[in-house]
Trainee: 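Dropping the structure in here first, questions after.
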Amino acid sequence: MRVGTLLGLSILGMVSSSGAVVWRTAPLTQAPGGERETRTPSAEAAVVVTIPGPLELEARIGHAVLTSAGRAETYLLFKLRAPAATATAQPVHVVTLIDRSGSMRGRRLANALSAARGLVSRMRDGDRLTLLAYDTRVSTLLPATTLNPESRKRALSRLDSGAASGNTCISCGLESALADLASSEGHVLHVLLLSDGEATAGERSLAGFQRIAGRAREQGISVSSIGIDLDYNEALLSTLARFSNGEHHFARDRAELAKAFEREISGLTKTATTNATLELDLADGAELVQVFDREVEQNGRHLTVRLGSFGAAEEKTLLVKVRLPEGGPRELTVAEFSSSYRLGERSLRASGRLRVRTSDSGTELSLLDPVVATRLARSHTGATLFEAGKLFKSGTPADFAAADRRLGDELDRVRAGARAGGDGRDLHAQAAALEDTRKRLREARGGHCACAPGDLSCAMTCSAGPKARPAPGARCAPSDPLCAEEGSLSAGEKAAAKESVSASNPFRK
């Protein structure tokens, strides 16, 4: 049985349970298995297990003391991080998928090819590159090639302007890329996908792209997506990247497209570890309640999470909610865990366990660990930003009001969490993203409706209908944010929706 990604959309009580924490330092003690164990913020705070190494692992339980009455619930949080000093020069194999459908004619295709040339120039000798172009079908511009001065020139020569035509079969390109990487060994495997529109051929459903992303993840392949201009499906491309341990980028113009390629190659060339996997074995009688922001493979009480490659200083997390067995012992091992990964040619493994104490005295029960509470808030913030962008795109006043209300409610919760003792820097970043997104959506809708600056009532009650229609038979100029065809969003509104979805990504790692 497979457990899909479950969004952390309900964290009621998170703020109140993370308050009244007394911060103090406790001595380190040696825990079983060689990991270091420490107690954090309160008289009876959650246990934290840390295992140093090329891929540092920190595991913590949400509550150190839970009620022995009934089936108590708590959270398990795992943070894995590759220190900057562990970066190694591991070769990469990148498949670049260039959308060459009809909508890419002219400037968009020229910009994409220019950015791809920058990628080729930045890759190292010994790296491998495949260049594919897709519309309804897939064309091989450059088969899998190990780069050296001579082959690099050949790769650059294949990136000519070409002809753009046909529909957009994103899944066709992805299937070809996964097949190409299946036989590649000893490399960091990565797909870089460019698209400017909807999937109009092949697989079109979000669930279908989640399945493709799952297969990529199981093969150790990450997929990063770049949405070009304002007409691509940001929910689809963002989900594809997140489910395959990749990144999603929104590129409105040539400069932003070049930056996206730069970020991608910079991360790939700083790879620290590869093939990272986290495995959990829950205690007898314990149940998995919810997985936040990741897809987990479940076999009974055994859970497997494939985290892929880690760049230098990169951190990834796993947060799960579990229900404990009723009537268990006073000291209970909630879960045993292990991480495995590759560092160059070496395979490394680390393991530990998380324990909790139960009590029938209400005065002994511990508060939710503030680090766990902050990670819960991150999940909720990410989901709120993602949903706000989707709601805003409908163009209706009701959906805009719902998006605005969700952003405001989440902003209040995050600020309350900061006052209650959570991670101030993390929560400040969440608050800034929520506030910026709400402001951007309001201004985009107000601009479309020609509202006076700051007139929220006007922005809330108008719909995304036309305010300055083009002449009969003409189209709106992309540079005109106030122009819209019947029933469509303005350029400014499309950009605001895409930025909202893009902003959700960092809070769901």
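Count residues from 1 along the sequence. Note that the structure is predicted; figures quoted are calculated from it, not measured.
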Trainee: For the pair D293 and R375, evaluate salt bridge (charged side-chain N to carboxylate O under 4.0 Å, His left out) and give the outcome as yes or no after the intermediate values.
Mentor: CA-CA 11 Å; D293 306 316; R375 179 60 185 87; 3.2 Å; yes

Trainee: Given 3.5 Å as the limit, does a donor-acceptor pair link the side chain of Q210 with the main chain of A207, or not?
Mentor: no

Trainee: Closer than 3.5 angstrom, by distance alone: can the side chain of S338 be matched with the main-chain N or O of S351 as a donor-acceptor pair?
Mentor: no

Trainee: In the structure I gave you, are the side-chain heavy atoms of L318 and L77 within less than 4.5 Å of one another anywhere?
Mentor: no

Trainee: Salt bridge (Lys or Arg N to Asp or Glu O under 4.0 Å) with D127: which residues, sequence neighbours excluded?
Mentor: R124

Trainee: Between S238 and A235 (side chain of the first, backbone of the second, donor and acceptor by atom type, cut-off under 3.5 Å), is there such a pair?
Mentor: no

Trainee: Has the side chain of S504 got a donor or acceptor atom that lies under 3.5 Å from a matching backbone atom of S500?
Mentor: no

Trainee: Could you give the distance from CZ (R128) to CG (L181), rounded to the nearest 0.5 Å?
Mentor: 9.5 Å

Trainee: So that I can tick it off, tell me whether K259 and E262 are bridged by a salt bridge, with the cut-off set at under 4.0 angstrom between side-chain N and carboxylate O.
Mentor: no

Trainee: Closer than 3.5 angstrom, by distance alone: can the side chain of S171 be matched with the main-chain N or O of E203 as a donor-acceptor pair?
Mentor: yes

Trainee: On a heavy-atom basis, which atom in D135 and which in S101 lie closest, and how many Å separate them?
Mentor: CB-CA, 3.9 Å

Trainee: Can you find a heavy atom in the side chain of T50 that is under 4.5 Å from one in the side chain of E56?
Mentor: no

Trainee: Charged N to carboxylate O below 4.0 Å: is that the case for K393 and E234?
Mentor: yes

Trainee: Answer yes if the side chains of D423 and T374 hold a donor-acceptor pair under 3.5 Å, and no otherwise.
Mentor: no

Trainee: Quick one: CG on N167 to OG1 on T200, what's the gap to the nearest 0.5 Å?
Mentor: 4.0 Å

Trainee: Could you tell me whether a side-chain N or O of T130 sits under 3.5 Å from a main-chain N or O of P143, the two making a donor and an acceptor?
Mentor: no

Trainee: Students often mix this up, so state it plainly: with edges at 30° and 60°, are the rings of H93 and H187 parallel, tilted or perpendicular?
Mentor: perpendicular

Trainee: What are the two closest non-hydrogen atoms of I61 and R355, and how far apart are they?
Mentor: CG2-O, 3.9 Å

Trainee: Are E198 and R204 packed together at the side-chain level, in the sense that at least one heavy-atom pair is separated by less than 4.5 angstrom?
Mentor: no

Trainee: For I228 and A112, work out which heavy atoms get closest and say how close.
Mentor: CD1-CB, 4.4 Å

Trainee: Should L97 and I170 count as side-chain neighbours, where that means a heavy-atom distance under 4.5 Å?
Mentor: no

Trainee: Can you measure from CG (L368) to OH (Y75) and round to the nearest 0.5 angstrom?
Mentor: 7.0 Å

Trainee: Does the Lys NZ or Arg CZ of R508 fall within the cation-pi geometry relative to F386 - under 6.0 Å from the ring centre and within 45° of the axis?
Mentor: yes

Trainee: Could you tell me whether the side chain of V356 reaches within less than 4.5 Å of the side chain of V65, counting heavy atoms only?
Mentor: no

Trainee: For G53 and Y341, work out which heavy atoms get closest and say how close.
Mentor: C-OH, 4.5 Å

Trainee: Are the side chains of T136 and C172 in touch, meaning some heavy atoms are under 4.5 Å apart?
Mentor: no

Trainee: Just do the side chain to side chain donor-acceptor pair (under 3.5 Å) check on S224 and E247 with the steps written out, would you?
Mentor: CA-CA 5 Å; S224 286; E247 300 287 343; over 6 Å; no

Trainee: With heavy-atom distances below 4.5 Å as the criterion, would you say the side chains of R100 and Y134 are in contact?
Mentor: no

Trainee: Between E295 and R217, does any NZ, NE, NH1 or NH2 come within less than 4.0 Å of an OD or OE carboxylate oxygen?
Mentor: yes

Trainee: Go through the steps to decide whether T317 and F292 satisfy the test side-chain contact (heavy atoms from CB on, under 4.5 Å), and finish with yes or no.
Mentor: CA-CA 10 Å; T317 63; F292 296 83; over 6 Å; no

Trainee: Backbone N or O of E345 within a donor-acceptor pair of the R342 side chain at under 3.5 Å?
Mentor: yes

Trainee: Quick check: are there more than 12 heavy atoms from other residues, nucleotides or ligands sitting under 6.0 Å from NE2 of H302?
Mentor: yes

Trainee: Can you measure from CD1 (I226) to CG (L193) and round to the nearest 0.5 angstrom?
Mentor: 8.5 Å

Trainee: Kindly say whether S309 contributes a backbone atom to a donor-acceptor pair with the side chain of K316 at under 3.5 angstrom?
Mentor: yes

Trainee: Say you draw a straight line from CD of E73 to NZ of K321; how long is it, rounded to the nearest 0.5 Å?
Mentor: 4.5 Å

Trainee: Indicate yes or no for a side-chain donor-acceptor contact from T384 to the backbone of H380 under 3.5 Å, with no hydrogens or angles considered.
Mentor: yes

Trainee: Which value, rounded to the nearest 0.5 Å, describes the distance between K79 atom NZ and L278 atom CG?
Mentor: 14.5 Å

Trainee: Would you confirm whether Q298, through its side chain, and G300, through its main-chain N or O, come within 3.5 Å as a donor-acceptor pair?
Mentor: yes

Trainee: To check you understand the geometry: which heavy-atom pair defines the closest contact between L206 and L236, and what is its length?
Mentor: CD1-CA, 3.7 Å

Trainee: Can you spot which of R215, R137, R211 makes a salt bridge (charged side-chain N to carboxylate O under 4.0 Å, His left out) with E175?
Mentor: R215

Trainee: Scan for salt bridge (charged side-chain N to carboxylate O under 4.0 Å, His left out) pairs involving residues 278-291, sequence neighbours excluded, and state none if there are none.
Mentor: R71-E287, E279-R349, D284-R301, E287-R323

